[in-house]
Participant: 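First the structure, which I've put down as structure tokens, then a few questions once you've had a look.
Below, read A as the first sequence line, B as the second, and so on, with proteins coming before strands; counting in each chain starts at 1.
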Amino acid sequence: MSSGRSTGFEGRGGTRLKAWQTYRLRLQRKRWRLRALRKRRELACVTDRTARLRPADILLFTTLRNEAARLPHFLAHYREMGVAHFLVVDNGSDDSGAELLAEQPDVSLWRSEASYKRARFGMDWMNWLLRRHGHGHWCLTVDPDELLVYPFCDTRPLKALTDWLDASSIRSFGAMLLDLYPKGPIGAQPFAPGDDPLKIACWFDPGNYSISRNHRYGNLWIQGGPRARMFFADEPSRAPALNKIPLVKWDRRYTYVSSTHMLLPRGLNFTYDEWGGEKTSGLLLHTKFLDSFSDKAREELQRRQHYAASAEYKAYAAGLEADPELWCRWSERYINWRQLEVLGLMSRGNWA
Amino acid sequence: MSLGVVILVHNALGRATEVIRHWAQSGCPVVVHVDSAMRRARFERFRAGFDDLSDRVLFCERHRCEWGGWGIVAATQSGARLMLDRFAEVDHVYLASGSCVPLRPIRELTAYLAARRDTDFIESACVADVPWTVGGLSEERFTLRFPFSWKRQRWAFDCYVALQRRIGVRRRLPEGLVPHMGSQWWCLTRATLEAILSDPQRPALDRYFARVWIPDESYFQSLARRWSRRIESRSLTMSKFDFQGKPHLFYDDHLPLLRRSDCFVARKIWPRAQAIYAQMAAGGHPAQAAEPAPARIDRVFAAATERRVRGRAGLYMQSRLPNEGWENGFTAAPYGVLEGFSELHEGFHAWFAAASGATVHGHIFAPEGAEFEGGAPLWRGAMSSTAALRDHNARRFLTNLIWNGRGARQVFQFGPRDSQHVSWDIAKDPNARIGVISGAWAVPLFRSGQAVADLRDTAARLQKAEADHLGALRSPHAKARIRIWTLAEFLEAPSEALSQMLADIVPGQAGPPPAPPDLVPLDGFGRFLQDMRNQGMHPYLTGDIPADPPPRLRRAAPKPYLVSRPHA
């Protein structure tokens with residue numbers, strides 16, 4: 001077909017809201033934005049290199065605490081992908097991570113000693129930095145243990161994806177969290193600083209995800225994977241949410257609502273198709289389950305700084321006493337994005 | 001014989017420069033049009049980059065080129081006029097953009113055109129006959145007015161279109177004009193182009209087309225039909241369009257594909273596709289006299305459209321969650337649901353698996369947890385058998401089971417004891433092959449050996465659940481292939497029901513059906529049902545099984561009419 005041309009934006013879907021519902025979401029959005037404005041005072045700038053940002057740069061935003069061991073691989077992974085600048089909030093680390101970050105030419109670093117929980121698990125800080133520096137850029141908001149995979153990521157840089165999203169009038173890109181774990185007990189294989197975590201944690205659950213809609217915000221709610229089956233088998237509704245929207249063409253009016261699970265305005269959450277087709281999507285490879293995990297779980301349980309009264313970490317700590325193995329005979333070993341697409345975990349959609 | 005190129009440029013100047021230099025250095029005169037939106041200083045810098053080629057690279061009058069507007073046609077006219085006036089040796093004029101990249105050596109293109117001296121290569125389809133457009137505006141492009149920009153003033157654009165439709169205004173077409181549409185990128189002969197540009201009616205035509213929507217896809221396409229002696233209705237520039245009518249971008253990983261197409265020029269190329277531009281700079285990929293065959297690489301792009309529009313049946317994932325009725329197949333593959341069979345036969349699962357070659361699960365929705373094949377706690381896809389996890393989203397559990405089990409036919413048992421969340425879903429799913437022996441739930445109760453009085457409430461509950469389920473199976477919404485026997489009917493001819501289910505679930509099996517498995521002993525079952533009736537709970541779903549004598553069993557030998565009885 002040659003003469004056909006675009007007459008409709010991608011996107012828009014879900015139940016139509018009443019005017020008062022829309023208005024309530026608008027108020028909520030303003031509230032989170034105000035809160036981010038207030039919480040900016042908790043951030044102390046360590047190194048600010050944001051003056052170097054150029055208009056088309058892809059930015060990465062992250063909050064971390066004691067992740068020195070992961071940082072070298074994390075930075076390398078995203079640099080290779082084409083991320084131009086890292087904006088990092090260090091939440092009271094006492095390892096060498098901060099020094100490492102401060103030395104990097106493409107990292108701007110802030111430090112906060114304030115409560116992670118009272119900054120809504122770091123989201124207030126992220127929202128502030130996004131608002132301050134992200135406007136007009138494609139912004140990737142991820143944790144240090146999350147590695148993005150998108151269609152053609154082995155042959156095309158991230159810029160190819162964002163250019164295509166721009167050309168298709170798509171403002172946000174969904175990437176489900178895929179928990180990776182090692183074969184054998186979690187602590188069995190030591191992880192040395194600088195290693196590729198995918199060398200150790202390279203197994204995942206290919207097909208046990210439950211999906212439903214959140215009509216209020218329009219986003220999906222995905223649960224499942226090894227955490228649901230190992231730690232939340234009796235209380236599946238408390239299992240962690242895996243749906244994420246980490247890549248957004250940011251506008252200063254936007255705000256993340258709860259982690260990177262959903263955003264306001266609501267239209268940004270429609271990263272899925274409702275009429276049978278598949279939209280383009282990626283995955284965040286979640287390499288949480290390394291040998292440092294049990295120490296981390298114990299520490300986080302004491303700090304009580306995580307979501308839902310750290311229920312997740314309570315469940316982990318209880319489960320970890322038994323030194324569990326997440327691996328089972330139906331686990332798949334991670335190869336590349338094409339494998340993930342064939343399994344139905346992500347999709348190229350219309351991007352060829 | 002010579003080929004001249006008119007190039008429209010608006011962004012990615014670096015790449016555009018490479019392309020222009022490539023054309024010029026291969027011996028083609030080039031006229032460049034630069035969008036007037038570009039700042040003067042930037043334009044002058046860009047222009048200065050061609051000082052060494054000033055005899056062959058000219059810049060024409062600048063127009064504002066907005067997508068869908070008249071400016072692009074005006075730009076093309078200016079460029080073509082300048083080309084014809086300044087380069088008398090040019091026989092063919094090729095219209096290209098800064099992101100059109102030659103794939104083959106230019107001399108192959110000039111040789112190809114030299115062999116087809118009088119042919120105009122312009123895709124030109126009659127609007128009335130070919131329903132090409134995406135988005136509903138086809139003929140109306142020519143009969144309505146479009147003063148607003150689609151990209152910047154969408155609201156006004158849409159409202160004005162709606163208003164004109166409502167009132168019913170139609171523009172009159174200029175006399176003798178038959179609207180044609182096609183790719184904007186053409187290659188016309190000098191004669192045709194000259195005739196179009198010096199058409200006596202041109203002022204009127206230009207005025208008319210200035211208010212047509214996307215005139216760059218129809219101006220030359222319609223007018224070429226007037227003047228051309230020989231039209232070859234295809235574009236020499238390959239481009240592939242997606243489901244929204246937006247051109248696909250080509251990346252470095254497409255290079256083998258592009259070479260295979262044997263096309264002369266391709267668009268759009270992603271400006272950072274190093275390898276594609278490097279191939280051009282190296283002179284292109286020679287294919288001698290090969291005819292361009294863009295259809296050769298259609299499959300890849302057709303698959304993308306199919307994926308985006310229809311998706312993979314039975315898959316529910318982060319970027320595909322169809323509304324009800326839009327699934328394009330609720331599940332990924334056909335599967336069997338057997339209700340009551342395993343209650344009535346010894347070793348039924350193993351028998352059915354052997355007879356059908358399918359993967360046979362137990363009661364997937366059993367209250368104690370999913371009974372996967374072989375009783376495993378985890379199954380393919382790392383699905384857990386835990387009941388709470390399963391019932392958290394039973395529908396997804398079912399679709400996951402079928403999706404993960406692609407490749408082998410899946411069969412599972414179902415019954416009124418199980419959680420009934422998917423009762424309606426399987427009834428409505430055309431992939432389901434359902435066989436029900438109604439009332440079979442009474443058999444395990446009978447065999448439990450408990451007192452009838454204690455079983456009465458359980459039986460009532462099971463019967464109610466099964467009646468509801470049968471209601472779903474018998475409703476007009478049911479799309480599954482469904483067979484229902486009462487227990488009494490089934491016991492009349494058990495092997496017949498089994499072979500029917502085998503044929504439904506694994507059709508086309510050759511050979512006679514294997515010997516049916518043994519029925520469980522049912523001596524006294526009729527009495528048991530009668531006792532239940534006596535308790536006020538009528539198990540009507542079993543059908544008519546008389547209390548005395550006990551139901552005829554397959555093993556029972558025919559009894560003589562006369563029985564010798566000891567005298568009382």
Participant: Check each of A:Asp57, A:Asp163, A:Leu161, A:Leu247 against A:Trp138 using the side-chain contact (heavy atoms from CB on, under 4.5 Å) test, and report the only one that passes.
Facilitator: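 By the side-chain contact (heavy atoms from CB on, under 4.5 Å) criterion, A:Trp138 pairs with just one of A:Asp57, A:Asp163, A:Leu161, A:Leu247: A:Leu247.
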
Participant: Look at B:Asn328, B:Thr305, B:Thr386, B:Leu401 and state which one has the largest set of heavy-atom pairs under 4.5 Å with chain A.
Facilitator: B:Thr386

Participant: Is A:Arg171 paired with A:Asp251 through a side-chain N to carboxylate O contact shorter than 4.0 Å?
Facilitator: no

Participant: Please tell me whether A:Phe204 and A:Phe289 form a close aromatic pair, meaning their ring centres lie under 6.0 Å apart.
Facilitator: no

Participant: For each of B:Asn393, B:Thr399, B:Asp253, tally heavy-atom pairs with chain A at distances under 4.5 Å, and name the one with the top tally.
Facilitator: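 Of the options given, most contacts go to B:Asp253.
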
Participant: Is it true that B:Asp425 and B:Arg395 have a side-chain N and a carboxylate O under 4.0 angstrom from each other?
Facilitator: yes

Participant: Who are the ring pair (Phe, Tyr, Trp, His ring centres under 6.0 Å) partners of A:Trp221, not counting sequence neighbours?
Facilitator: none

Participant: Does any heavy atom of chain B fall under 4.5 Å from the side chain of A:Glu332, the backbone, both, or neither of them?
Facilitator: neither

Participant: Pick whichever of B:His248, B:Met383, B:Arg310, B:Arg380 has the most heavy-atom pairs under 4.5 Å with chain A.
Facilitator: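 Most heavy-atom pairs within the cutoff with chain A belong to B:Arg380.
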
Participant: Can you tell me which portion of A:Asp205 sits under 4.5 Å from chain B's heavy atoms? Options are side chain, backbone, both or neither.
Facilitator: both

Participant: Quick one: of B:Phe301, B:Phe250, B:Trp379, who has the most non-hydrogen atom pairs under 4.5 Å with chain A?
Facilitator: B:Trp379

Participant: If you count the non-hydrogen atoms of other residues, nucleotides and ligands that lie under 6.0 Å from CZ in B:Arg272, is the total more than 12?
Facilitator: no

Participant: Measure A:Leu345 against the heavy atoms of chain B and call it side chain, backbone, both or neither at under 4.5 Å.
Facilitator: backbone

Participant: Against chain B, work out which of A:Gly174, A:Pro206, A:Gly276 has the most heavy-atom pairs shorter than 4.5 Å and name it.
Facilitator: A:Gly276

Participant: Is A:Lys244 in contact with chain B via its backbone, its side chain, both, or neither, using a 4.5 Å heavy-atom distance?
Facilitator: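 For A:Lys244, neither part sits under 4.5 Å from chain B.
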
Participant: Assign the ring pair B:Trp150 / B:Trp213 to parallel, tilted or perpendicular, where the plane angle (0 to 90°) is split at 30° and 60°.
Facilitator: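 The arrangement is tilted - the two ring planes meet at 30° to 60°.
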
Participant: Tell me, out of A:Pro226, A:Ser331, A:Ala228, A:Ala239, who's got the most heavy-atom pairs with chain B below 4.5 Å.
Facilitator: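 Among the listed options, the one with the most contacts to chain B is A:Ala228.
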
Participant: In terms of heavy-atom pairs under 4.5 Å, which option from B:Asp391, B:Leu249, B:Asn404, B:Asp252 contacts chain A the most?
Facilitator: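 When all of B:Asp391, B:Leu249, B:Asn404, B:Asp252 are compared, B:Asn404 has the most.
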
Participant: Can a salt bridge be assigned to the pair A:Arg348 and A:Glu278 using a cut-off of 4.0 Å between side-chain N and carboxylate O?
Facilitator: no

Participant: Within the side chain of B:Glu306, is there an N or O that forms a donor-acceptor pair under 3.5 Å with the backbone of B:Ala304?
Facilitator: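 No, B:Glu306 side chain to B:Ala304 backbone: no donor-acceptor pair under 3.5 Å.
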
Participant: What part of B:Leu378 gets closer than 4.5 Å to chain A, counting heavy atoms only: side chain, backbone, both or neither?
Facilitator: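 Both parts, backbone and side chain.
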
Participant: Heavy-atom pairs under 4.5 Å with chain A are the metric here; pick the option from B:Arg396, B:Arg390, B:Gln221 that has the most.
Facilitator: B:Arg396

